[in-house]
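The structure appears right after this line, and notes come after that.
Numbering of residues begins at 1 and proceeds along the displayed sequence. Read the numbers this way: they start at 1 and go in the same order the structure lists the ligands and their atoms.
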Amino acid sequence: MISPLQKARAHYRPKYPDSLKGAVNPVEGEKTTSADHHEEIKKMFPHTYGMPLITFEKGNTAEQKAPVNAGVILSGGQAPGGHNVIAGIFDGLKKINPQSRLYGFLGGPGGLIDHQYMEITAEYLDEYRNTGGFDIIGSGRTKLEEVSQFDKGLEIMKKLNINALVIIGGDDSNTNACVLAEYYKERGAGVQVIGCPKTIDGDLKNCMIEASFGFDTATKVYAELIGNIARDANSAKKYWHFIKLMGRSATHIGLECALKTQPNICLVSEEVEKNKQTLNDIVDYIARVVAARAAIGLDFGVALIPEGLVEFIPEMKLLINELNDLLAEGSAFEEEFKAIADEAARRDFVTGHLSPESEAVFSSLPARFANQLTLDRDPHGNVQVSLIQTEILLGEMVKSKLKKMKKTGDFTGKFSTQYHFFGYEGRCAAPSNFDADYCYSLGLTASSLIYAGKTGYMASVRNLTAPAETWIAAGVPITMMMNMERRHGQWKPVIQKALVELDGAPFRYFAEHREKWALETSFVYPGPIQYFGPAEVCDQPTLTLSLEQQ
Ligand code: FBP
């Protein structure tokens, strides 16, 4: 059984650029260079470096081209709209030649390596149009980076006669898509590789990629929940709500939610790092806001905490880097560590291997939090910030601080907390009209890149604050977004991660208003995503995009 909303939503026809309707003409633009470290990137990507930008314009006559068999992979964390990207690819391929076929590799990049796949048929796809989730073919976090994996992938693609592969993923997956494109091109394998910008975190963006898909819907879901909580806080007037929000590195989600709901506090990791704030500085700041509101009789509030915060506090960053090195998968240390059953003994074991600075920080942390920092790393070797309860750590530390302030008369109120973590709640929501349209357009653009014979490109759809019909569909060489970065002790070519820019319009707007929002109760209650109704209610892009494009 499907819900009445899903039933009605199945009939939604995504809006997309006029340039992708009818015949499509790829127009080559300027040749590109990488974001930085030009010579190094050029050397590593001799076959896919320096390619021109491609813009798709309206063509004159639609020619019937030879059928194409393509494969598609959903990679990494779920993001609303992934099903519509696949729908766009499918419709685009069938439009040019109805004999074309689309295969989905199951469970993420692992499906390509392990030869797990299915053919996506029109009937099967129709059940998934305009729905959230990645369950159409599943997703996974296997990293595609070894030549042996590339060869295994080629084996199955040759068997299925696949000549193009679309990888829908975040910055790491698209970096790997570029490495794969280079490898197949160098070998003359006859398989094009195209990337699509996905992640609710919003940190895959640059001058050619205005937003990653899923960010719009996820932030709308979180903002609805934050608004509900804010209204509850303002009704009962007895709790401070500490809300941790997903976004493993950048604070785009937190900032967008703050712009939408006007909470009393929103920490921005990028600012914490720039100002070299310590954990105690952050606790002092929150305690000051709590005390200032208490002084005017307001013993309640809402504080937003970005999931990635701990990695931006300089002393914690050093500690986490040391822990990452020690706990690297397969290291002798990791083996010994895992053999210890008792948590206190595990902490002692870790302490003995840290630098004196990190040892001091690690020992000062509450035991529960210290344990969380030593949990399994993700396949990219990163600490899993979604498992670290930063909101509770901060709440508990603020409580102790306020106790001391009470003694000196600097705090006169009450402080009761409620803790929340919003992340998974938003990743599979039914895509907003914006994401439904944007994703479908990205899929159509990917299919146009395939027919244009391109490889090593990412589908790009720009001009996103204008009506969808006037969006610009394009292809951007992935090498254009790359630079060299040190990752886990090695220099690697990677797509630059877009962090919150402290001189950008969204942050500046927030910074101009946050003092007022801290003291006064200025909450905004956005309510749930609307799918049917007037455009000003249903089709609005994020405030981040609107402010950036003002
Ligand atoms: P992607 O970068 O793959 O899109 O995933 C982002 C994210 O949603 C983060 O916000 C979060 O930290 C992480 O995934 C959680 O990962 P998992 O789903 O493996 O728990």
Dump the pairs for me: ligand 1 N or O, protein N or O, distance under 3.5 Å, to 0.1 Å.
unit_1   : atom_1 : unit_2 : atom_2 : d
ligand 1 : 2 (O)  : T199   : OG1    : 3.4
ligand 1 : 3 (O)  : G77    : N      : 2.8
ligand 1 : 3 (O)  : R141   : NH1    : 3.0
ligand 1 : 3 (O)  : K198   : NZ     : 3.2
ligand 1 : 4 (O)  : K198   : NZ     : 3.0
ligand 1 : 4 (O)  : T199   : OG1    : 2.9
ligand 1 : 5 (O)  : R141   : NH2    : 3.2
ligand 1 : 8 (O)  : R427   : NH1    : 2.9
ligand 1 : 10 (O) : D201   : OD1    : 2.7
ligand 1 : 10 (O) : D201   : OD2    : 3.3
ligand 1 : 10 (O) : G247   : N      : 3.3
ligand 1 : 12 (O) : E307   : OE1    : 2.8
ligand 1 : 12 (O) : E307   : OE2    : 3.4
ligand 1 : 14 (O) : R141   : NH2    : 2.9
ligand 1 : 14 (O) : R427   : NH1    : 3.1
ligand 1 : 16 (O) : R141   : NH2    : 3.0
ligand 1 : 18 (O) : R427   : NH1    : 3.0
ligand 1 : 18 (O) : R427   : NH2    : 2.8
ligand 1 : 19 (O) : R141   : NE     : 2.9
ligand 1 : 20 (O) : Y424   : OH     : 2.5

Any heavy-atom pair between the side chains of [Y] and [X] that's under 4.5 Å?
{"X": "L245", "Y": "I226", "value": "yes"}
{"X": "L267", "Y": "T251", "value": "no"}
{"X": "V166", "Y": "V85", "value": "no"}

Q: Give a yes or no on whether a salt bridge exists between D435 and K220, defined as a side-chain N under 4.0 angstrom from a carboxylate O.
A: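 No salt bridge links D435 with K220.
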Q) Taking NZ, NE, NH1 and NH2 as the nitrogens, is one of them in K317 or E273 under 4.0 Å from a carboxylate oxygen of the other? A)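 Result for this pair is yes, salt bridge flagged.
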Q | Heavy-atom pair of closest approach, residues S212 and D203 | A |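 Shortest heavy-atom contact: OG-N, 4.4 Å.
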